[in-house]
2 protein chains.
Amino acid sequence: MSQEFRRTQVRQPRADGERNRARIIEAAKQRFAEQGAGAALEQIARDAGVGIGTLYRHFPTRDVLIEAVYRHEVDALVVAAGELSAKEPPIEALRAWLALFIEFLDTKQGIGAVLDTLIGGSEPLYSGTPAQLSPPIDLLVSRANEDGAARIEIAPLDLLRAIAGVATIRPGAAWKRQALALVDLMLRGAQATV
Amino acid sequence: MSQEFRRTQVRQPRADGERNRARIIEAAKQRFAEQGAGAALEQIARDAGVGIGTLYRHFPTRDVLIEAVYRHEVDALVVAAGELSAKEPPIEALRAWLALFIEFLDTKQGIGAVLDTLIGGSEPLYSGTPAQLSPPIDLLVSRANEDGAARIEIAPLDLLRAIAGVATIRPGAAWKRQALALVDLMLRGAQATV
DNA sequence: TCATCAAACGGAGGCATCCTCCGCATCTCT
DNA sequence: AGAGATGCGGAGGATGCCTCCGTTTGATGA
């Protein structure tokens with residue numbers, strides 16, 4: 001009978017499971033930074049000291065893993081959007097946030113597939129992070145538009161995609177400055193009197 | 001002695017070699033369209049009815065193959081740049097050419113790695129096509145700048161990269177319109193009085 | 001027409017990775 | 001402590017990459 005009540009009860013997750021999950025993320029962060037998002041999953045499992053099966057159980061696809069790895073940083077971006085939006089005039093807020101985004105990309109070495117995962121690339125699923133990043137950028141853009149200070153007709157996420165496109169070059173190059181220049185170019189366009 | 005003279009003589013290329021090369025390109029075009037640029041090279045070789053070794057001799061890397069597949073279309077873009085540049089006012093020429101570029105991207109299904117190859121992605125070599133596309137876009141941009149009609153400070157190739165970034169979504173979506181809107185946004189920015 | 005030999009072929013094989021599957025170990029809860 | 005759920009892990013089958021090298025083929029000149 002007590003079964004009836006237990007049905008909705010959640011068992012506390014196993015300690016070893018959580019530990020392994022954390023280890024895998026840590027190992028993955030390391031490898032992704034070194035070798036890009038294409039790093040061998042089996043190697044990551046070895047680094048983490050777990051079997052490959054364990055890795056796949058926690059993260060069924062590469063994308064899920066990538067997403068988990070960059071979760072914190074993405075969260076930070078989301079928070080920053082809220083704060084900037086509250087403190088700064090629309091255009092400045094948008095510009096500042098895009099700068100943060102560029103900064104974030106800069107910390108990623110192997111970019112490539114990471115971007116796809118974060119921003120919604122060519123692969124089928126991509127559910128998580130784009131959905132997470134969408135609200136903040138939507139907010140910033142619509143604030144700027146409503147304010148009358150700007151006129152941005154493209155999908156807000158496409159702003160990020162455009163920036164990411166510029167980032168698709170080897171680090172070391174002056175891509176960061178270029179990306180910022182692109183932001184300014186776009187924002188000038190957004191503010192242009194027609 | 002006659003050896004001396006023959007040294008510079010070029011032997012007529014073997015007919016089977018050329019035939020196989022053409023077959024591989026044809027098969028690759030097909031597969032790339034269906035499955036994206038990540039399609040298995042061994043499968044392409046099978047489609048073409050040649051051994052994998054033959055494929056690799058003709059096209060040592062995937063990028064070389066991709067480049068060969070899209071060669072004609074890229075050539076057309078280069079030609080168009082010259083023509084537009086001669087006929088149209090700078091800004092219009094640039095806008096029109098970017099529209100052509102978008103049109104070109106639209107015919108590519110599996111985009112992804114194709115863009116890397118065309119536009120200079122994260123991989124080491126990427127010699128060919130970016131170098132091929134660079135002069136025309138450089139020309140168009142500098143014409144617009146010198147004309148005083150625009151002020152574009154970012155690297156011209158980055159314009160293409162930004163557009164390509166927007167294209168990094170599944171076909172079917174309205175990306176094409178979005179990409180055109182991005183072009184307009186950037187061009188408005190380029191023309192903005194400061 | 002035929003002999004010659006550079007050019008081209010093709011696929012076996014070694015290596016790497018992906019991902020699944022399932023018997024076994026471990027942990028939580030009572 | 002005992003039971004059952006939960007998680008572990010790595011062998012194994014599949015696939016793809018790329019190289020290497022013995023074999024075949026076709027262009028050429030006599």
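So that the names make sense, note that chain A is the first sequence line, chain B the second, and so on, each numbered from 1.
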Could you check how far CD of B:Glu18 sits from C1' of D:dG26, rounded to whole Å? 13 Å
Does a side-chain heavy-atom distance below 4.5 Å link A:Phe32 with A:Leu65? yes
If I take atom CD1 in residue A:Ile24 and atom P in nucleotide D:dG9, what distance separates them, rounded to the nearest angstrom? 9 Å
Using whole Å, what does the distance between atom P of nucleotide D:dT15 and atom CG of B:Leu41 come to? 16 Å
I want to check one thing: is the phosphate of D:dC8, taken as OP1 and OP2, less than 4.0 Å away from some side-chain N or O of A:Asn20? yes
Between A:Arg71 and A:Glu67, is there a side-chain N and carboxylate O pair less than 4.0 Å apart? yes
Base of C:dA7 paired with side chain of B:Arg14 (donor-acceptor, under 3.5 Å): yes
Mind checking whether A:Leu94 and A:Leu84 have side chains closer than 4.5 Å, heavy atoms only? no
How long is the line joining CD of A:Gln35 and P of C:dA16, in whole Å? 13 Å
Hey, does B:Gly53 reach any base, or is it just sugar-phosphate, or nothing, if we go heavy atoms under 4.0 Å? base
Going by atom types only, do A:Asp75 and A:Gln132 share a side-chain donor-acceptor pair under 3.5 Å? yes
Do any side-chain nitrogens or oxygens of A:His58 fall under 4.0 Å of OP1 or OP2 in D:dG7? no
Phosphate contact (D:dG7 OP1 or OP2) by A:Thr54 side-chain N/O below 4.0 Å: no
Looking only at C:dA8, C:dT26, D:dG16, the nucleotide nearest the B:Glu42 side chain is D:dG16
SB check B:Asp16 B:Arg19 (cutoff 4.0 Å): no
Under 4.0 Å from OP1 or OP2 of D:dC18: is there any side-chain N or O of B:Arg62 that close? no
Name the residue closer to the 5' end of DNA chain D, choosing between B:Arg57 and B:Gln12 according to the nucleotide with the nearest heavy atom. B:Arg57
Separation of B:Ile52 atom CD1 from D:dC20 atom P, in whole Å? 15 Å
Give the rounded distance in Å between these two atoms: CZ of B:Arg46 and P of D:dT15. 9 Å
What contact category does A:Ala45 fall into here, base, sugar-phosphate, or nothing, at under 4.0 angstrom with non-hydrogen atoms? nothing
In whole Å, I'd like the distance from the CZ atom of B:Arg11 to the P atom of D:dG29. 8 Å
Mind calculating the distance between CD (A:Gln43) and P (C:dC18) to the nearest angstrom? 11 Å
